[in-house]
Amino acid sequence: NIGLGMIRTREGKFDEAEKYFQTAIDKNPEFGRAYYEMAVLGAKKKDRAMVLSNLARAVEIDPVTYKERAASDPDFMPYNWDKEWNKLVH
């Protein structure tokens, strides 16, 4: 359940959160929100590769929604300088 993953992310239980998001992705590989939340989790873990790979997939699935959301999401503020991140979002 993606909602439980989001709760676990807020609680700092990153390993549990990742399992919830991965389960959602495994069940539906076209579920952009699960990839987006996995990217948010990556940002909280300071895992650039996790951010970029999951955000890229979310944007591939639904560019309008996830480019706009990522551009204004405070979790991604540390990535504003990142060239790859900017290519995904702008």
Side-chain angles (χ1 to χ4, degrees):
N1 182 313
I2 193 170
L4 289 173
M6 294 167 67
I7 290 168
R8 295 299 179 262
T9 298
R10 284 193 300 271
E11 294 172 342
K13 296 177 180 175
F14 298 150
D15 290 340
E16 287 182 43
E18 188 169 352
K19 288 177 187 174
Y20 283 113
F21 298 141
Q22 191 59 55
T23 297
I25 290 166
D26 291 344
K27 286 182 179 178
N28 180 1
E30 297 301 312
F31 189 13
R33 181 67 187 264
Y35 289 99
Y36 184 84
E37 294 302 335
M38 189 78 93
V40 169
L41 176 60
K44 291 186 180 293
K45 291 173 65 173
K46 298 178 178 25
D47 184 334
R48 180 179 177 270
M50 186 177 191
V51 170
L52 294 176
S53 65
N54 285 286
L55 185 57
R57 183 68 178 117
V59 167
E60 180 182 331
I61 292 167
D62 185 348
V64 174
T65 298
Y66 295 111
K67 282 183 178 191
E68 183 178 315
R69 187 172 290 172
S72 63
D73 190 325
D75 288 313
F76 294 123
M77 285 186 73
Y79 294 90
N80 285 334
W81 57 268
D82 190 284
K83 288 181 183 179
E84 287 184 61
W85 185 86
N86 274 292
K87 285 179 190 175
L88 289 171
V89 175
H90 299 289

Could you tell me whether the side chain of [Y] reaches within less than 4.5 Å of the side chain of [X], counting heavy atoms only?
X   : Y   : answer
D82 : L52 : yes
E37 : T9  : no
H90 : W85 : yes

Spacing of [atom1] belonging to [X] relative to [atom2] belonging to [Y], to within rounding of 0.5 Å:
X   : Y   : atom1 : atom2 : result
I25 : K27 : CD1   : NZ    : 12.5 Å
N1  : T23 : CG    : OG1   : 10.0 Å
W81 : N86 : CH2   : CG    : 10.0 Å
D75 : M77 : CG    : CE    : 10.5 Å
K67 : S72 : NZ    : OG    : 14.0 Å

E30 backbone acceptor or donor facing Y35 side chain under 3.5 Å: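 Not at all, since once roles are kept as given, no pair shorter than 3.5 Å links the two residues.
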N/O donor-acceptor pair under 3.5 Å between D73 side chain and R69 backbone: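 Checking the backbone N and O of R69 against the side chain of D73, no donor-acceptor pair under 3.5 Å is found.
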Report yes or no: do [X] and [Y] belong to one cluster of Ile/Leu/Val/Met/Phe/Trp/Tyr joined by side chain heavy-atom distances under 4.5 Å?
X   : Y   : value
V59 : M38 : no
L55 : M50 : no
F31 : M6  : yes
I2  : I61 : yes

Sequence-distant partners of Y36, ring-ring contact (aromatic ring centres under 6.0 Å, His included), two or more places apart: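 Expected list: Y66, F76.
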A71 to V89 - nearest heavy-atom pair and separation: CB-CG1, 3.4 Å
Less than 3.5 Å apart, which donor and acceptor atoms pair up between the side chains of residues 12-21 and the rest of the protein, not counting sequence neighbours?
residue: E16; atom: OE1; partner: R8; partner atom: NE; Å: 2.9
residue: E18; atom: OE1; partner: K45; partner atom: NZ; Å: 3.2

Ionic contact status for E84 with K87, cut-off 4.0 Å: no
